[in-house]
Amino acid sequence: MIYTMMQVCKEADLTYQALKFYCNEGLIPNVQRDKNNRRIFDERNLKWIKDLVCLKKCGMSIQEMKEYLNLCLEGKSTIPQRKELLAKKQEALRSSIQELENSVAYIDWKQNFYDEVLSGKRPYVSNLIPPQE
């Protein structure tokens, strides 16, 4: 199947500008053009573009995506380097998840504190307002 820019954008949940940028940056190799010189994409292009979207969501910069692409284009021999690059991103994501979990835990604690103050189970104490004597 052959896809237009707009069809790829819809399939990959990508803006037209982002897809055009990825093409212009060389992140999508082997893009063909139709008789009107418009970019057209095949299934393999679409799968790769979906990979790029995932890599972007993983926090990869354009430069890191280019590095990953170049390793992929070199073939099977670069799998260890690709695994290492992905492992670093994975660790960064796990760290971000932990930070988010800590933030959610803080909000849970604060909401519980406010509920207890509002229900009269605990006196109100503020770190910002001096206690009334």
Side-chain angles (χ1 to χ4, degrees):
M1 180 157 183
I2 299 298
Y3 299 89
T4 66
M5 290 273 290
M6 292 307 291
Q7 289 169 323
V8 168
C9 291
K10 185 176 181 191
E11 289 287 324
D13 193 26
L14 196 61
T15 66
Y16 186 89
Q17 292 80 7
L19 180 56
K20 188 174 178 183
F21 178 77
Y22 285 176
C23 289
N24 291 341
E25 285 293 313
L27 281 167
I28 307 167
N30 308 316
V31 174
Q32 303 296 312
R33 292 192 178 256
D34 67 11
K35 64 183 183 307
N36 296 317
N37 204 33
R38 291 184 291 230
R39 291 180 182 100
I40 53 174
F41 305 86
D42 61 19
E43 286 291 334
R44 291 175 61 189
N45 295 136
L46 179 60
K47 287 178 183 175
W48 173 247
I49 291 163
K50 287 180 178 181
D51 286 349
L52 288 175
V53 170
C54 286
L55 293 174
K56 183 67 177 166
K57 288 179 181 177
C58 289
M60 269 199 190
S61 68
I62 296 299
Q63 191 55 46
E64 289 170 320
M65 291 162 75
K66 285 180 179 181
E67 179 184 346
Y68 185 76
L69 167 65
N70 289 332
L71 290 171
C72 290
L73 290 172
E74 288 182 40
K76 186 177 176 181
S77 67
T78 64
I79 288 175
Q81 294 98 309
R82 288 184 257 168
K83 283 181 58 73
E84 184 179 333
L85 197 137
L86 292 173
K88 288 177 184 175
K89 279 297 155 196
Q90 187 178 47
E91 185 55 39
L93 287 170
R94 287 200 167 115
S95 178
S96 295
I97 289 168
Q98 186 59 54
E99 289 175 17
L100 289 170
E101 286 176 348
N102 292 344
S103 297
V104 168
Y106 169 79
I107 291 173
D108 288 343
W109 173 82
K110 204 64 170 175
Q111 292 283 38
N112 186 57
F113 171 80
Y114 291 143
D115 288 342
E116 289 180 358
V117 168
L118 291 172
S119 70
K121 287 183 181 174
R122 132 187 331 232
Y124 178 67
V125 178
S126 170
N127 294 325
L128 300 173
I129 302 170
Q132 301 293 327
E133 299 202 15

Please report, to 0.1 Å, the donor-acceptor pairs under 3.5 Å made by any side chain of residues 44-54, with sequence neighbours excluded.
| unit_1 | atom_1 | unit_2 | atom_2 | d |
| --- | --- | --- | --- | --- |
| Asn45 | OD1 | Asp42 | N | 2.9 |
| Trp48 | NE1 | Leu27 | O | 2.7 |

Exercise. Can you check side chain to side chain contact (heavy atoms under 4.5 Å, CB included) on Cys23 and Lys20, steps first, answer last?
Worked result: CA-CA 5 Å; Cys23 289; Lys20 188 174 178 183; 5.7 Å; no
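- Not counting sequence neighbours, the partners of Thr78 by the side-chain hydrogen bond (donor to acceptor under 3.5 Å, both in side chains) test are Arg82.
- Two residues are said to be in side-chain contact when any heavy atoms from C-beta on lie closer than 4.5 Å; Arg39 and Tyr3 fail this criterion.
- Among residues two or more places apart in sequence or in another chain, the side-chain contact (heavy atoms from CB on, under 4.5 Å) test is passed with Arg94 by Gln90.
- Alongside Leu100, the hydrophobic cluster contains no other residue (criterion: ILVMFWY side chains under 4.5 Å).
- Glu99 contributes atom CD, which lies 10.5 Å from atom CD1 of Ile97 (distance to the nearest 0.5 angstrom).
- Proximity of Glu74 to Gln81: side-chain heavy atoms (C-beta onward) are nowhere separated by under 4.5 Å.
- The side-chain heavy atoms of Met60 and Leu85, taken from C-beta on, include a pair separated by under 4.5 Å.
- For the pair Arg38/Arg33, no side-chain contact is recorded, criterion being any heavy-atom separation below 4.5 Å from C-beta on.
- Counting heavy atoms from C-beta outward, Phe21 and Gln17 have side chains that stay 4.5 Å or more apart.
- Membership of the apolar cluster around Phe113 extends to Tyr114, Val117, Tyr124, as traced through chained side-chain contacts below 4.5 Å between ILVMFWY residues.
- Residues Phe41 and Val31 meet the side-chain proximity criterion, which asks for heavy atoms closer than 4.5 Å.
- Donor-acceptor pairing under 3.5 Å is recorded for the side chains of Asn102 and Gln98.
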For this session: Begin from the C-alpha positions of Ile79 and Lys76 and carry the test side chain to side chain contact (heavy atoms under 4.5 Å, CB included) through to its verdict.
Result: CA-CA 6 Å; Ile79 288 175; Lys76 186 177 176 181; 3.8 Å; yes
Give every donor-acceptor pair under 3.5 Å between a side-chain atom in residues 6-16 and any protein atom, sequence neighbours left out.
| unit_1 | atom_1 | unit_2 | atom_2 | d |
| --- | --- | --- | --- | --- |
| Gln7 | OE1 | Thr4 | N | 2.8 |
| Gln7 | OE1 | Thr4 | OG1 | 3.4 |
| Thr15 | OG1 | Ala18 | N | 3.0 |

